[in-house]
Amino acid sequence: MDNNVANCWAKIQSAKGSDFFVDTFYRLLFKHYPETRPLFPEDLKVQKTSLLSMIHSVVNGIDFINELNKELTDLGKRHKEAGITKEMYDHFILAIVTAANLSSDYSFTDDEVKAWESAFKKIAEIMLNSY
Ligand code: HEM
């Protein structure tokens, strides 16, 4: 388990909290990349819950990625079929990193920021193997 990733989540919880984090993530994604908005349903309630549950898996240990290889590959296939382009992943990760920094009141150390970003990059890499 990568303690740095767990530390990031703990810092978000004790600063702005997880609701602020998910709201900020979608706000940033749609602000900087409005083309992605129509891909999502009008009501983001379900999406916010699924983003949070994904983050819980990430926080609970990056090792899970090896166990979830097949699931992440299938998830990538579904994203591809839904018209989500490779380019969109970079924006997605940038929004995840910026939202985390804002939600923690910029209290991450450099190592924590790196760990947070690389956890999502790893996931995206596996998903993109299906492209
Ligand atoms: C690290 C990369 C990503 C992860 C881990 C991830 C995770 C997920 C998960 C768990 C779901 C739930 C549905 C399912 O199981 O098929 C989902 C749905 C979805 N994702 Fe992603 N996603 C990623 C990247 C992206 C990107 C780059 C976009 C495009 C901006 C995107 C847009 C969507 C959309 C539009 C849905 C379906 C929404 C709906 O109709 O309910 N995802 N994603």
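This is a predicted model, so every value here is computed, not measured. Just so you know, ligand 1 is whichever comes first in the structure, and atom 1 is the first atom listed for that ligand. Numbering starts at 1 and runs along the sequence shown. Atoms considered below: every heavy atom in the structure, side chains included; atoms not considered: hydrogens, waters and symmetry mates.
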**Report entry** More than 12 heavy atoms of other groups within 6.0 Å of E35 CD
**Finding:** yes
Query - NZ/NE/NH1/NH2 to OD/OE distance under 4.0 Å, K48 and D23 - result: yes
Report summary line: Out of K86, E81, H79, the nearest non-hydrogen contact to atom 6 (C) of ligand 1 is supplied by H79
Query - Proximity to ligand 1 by part of H91, non-hydrogen separation under 4.0 Å - result: neither
Query raised in the report: Would a search of protein heavy atoms around atom 13 (C) of ligand 1 find one under 4.0 Å away?
Result: no
Report task. Please answer whether the main-chain N or O of K45 pairs with a side-chain N or O of D43 as donor and acceptor at a distance below 3.5 Å. Result -> yes
Query raised in the report: Where is the nearest protein heavy atom to atom 9 (C) of ligand 1: which residue, which atom, and how far?
Result: L75 CD1, 3.8 Å
Requested in this report: Specify the protein heavy atom at minimum distance from atom 5 (C) of ligand 1: its residue, its atom name, and the distance to 0.1 Å.
Outcome: M54 SD, 2.9 Å
Query raised in the report: Between the main-chain N or O of T109 and the side-chain N or O of E112, is there a donor-acceptor pair closer than 3.5 Å?
Result: yes
Requested in this report: State plainly whether one hydrophobic cluster holds both L94 and L28, where clusters connect Ile, Leu, Val, Met, Phe, Trp and Tyr through side-chain heavy atoms under 4.5 angstrom apart.
Outcome: no
Query - Common cluster, I123/L75, ILVMFWY with side-chain heavy-atom separation under 4.5 Å - result: yes
Query raised in the report: Relative to atom 33 (C) of ligand 1, which among V58, D90, T85, I84 owns the nearest non-hydrogen atom?
Result: I84
Report task. Would you mind listing which atoms of ligand 1 come within a distance below 4.0 Å of any non-hydrogen atom of L39? Result -> 35 (C)
Query raised in the report: Does any N or O atom in Y89 lie less than 3.5 angstrom from one in ligand 1, N or O only?
Result: no
Requested in this report: Note the single closest protein heavy atom to atom 16 (O) of ligand 1, along with its residue, its atom name and the distance in Å.
Outcome: R78 NE, 2.7 Å
Query - Salt bridge present between K121 and E117 (N-O < 4.0 angstrom) - result: yes
Query - Numbering as shown, the atoms of ligand 1 that approach I123 to under 4.0 Å (heavy-atom distance) - result: 1 (C), 5 (C)
Query raised in the report: Does Q47 reach ligand 1 with a nitrogen or oxygen that is under 3.5 Å from one of the ligand's nitrogen or oxygen atoms?
Result: yes
Query raised in the report: Y26 pairs by ring pair (Phe, Tyr, Trp, His ring centres under 6.0 Å) with which of F92, F40, F20?
Result: F40
Report task. Name the orientation class of the two ring planes belonging to W116 and F21 (parallel below 30°, tilted from 30 to 60°, perpendicular beyond 60°). Result -> perpendicular
Query raised in the report: Any sub-3.5 Å donor-acceptor pair from S130's side-chain atoms to T73's backbone N or O?
Result: yes
Query - Identity and separation of the nearest protein heavy atom to atom 26 (C) of ligand 1 - result: F92 CD1, 3.4 Å
**Report entry** Heavy atom of the protein closest to atom 40 (O) of ligand 1 (residue, atom name, distance)
**Finding:** P41 CD, 3.6 Å
Query raised in the report: Which ligand 1 atoms does T36 reach within 4.0 Å, using its non-hydrogen atoms?
Result: 30 (C)
Report task. Please report which non-hydrogen protein atom sits nearest to atom 34 (C) of ligand 1, along with the residue it belongs to and the distance in Å to one decimal place. Result -> F40 CE2, 3.7 Å
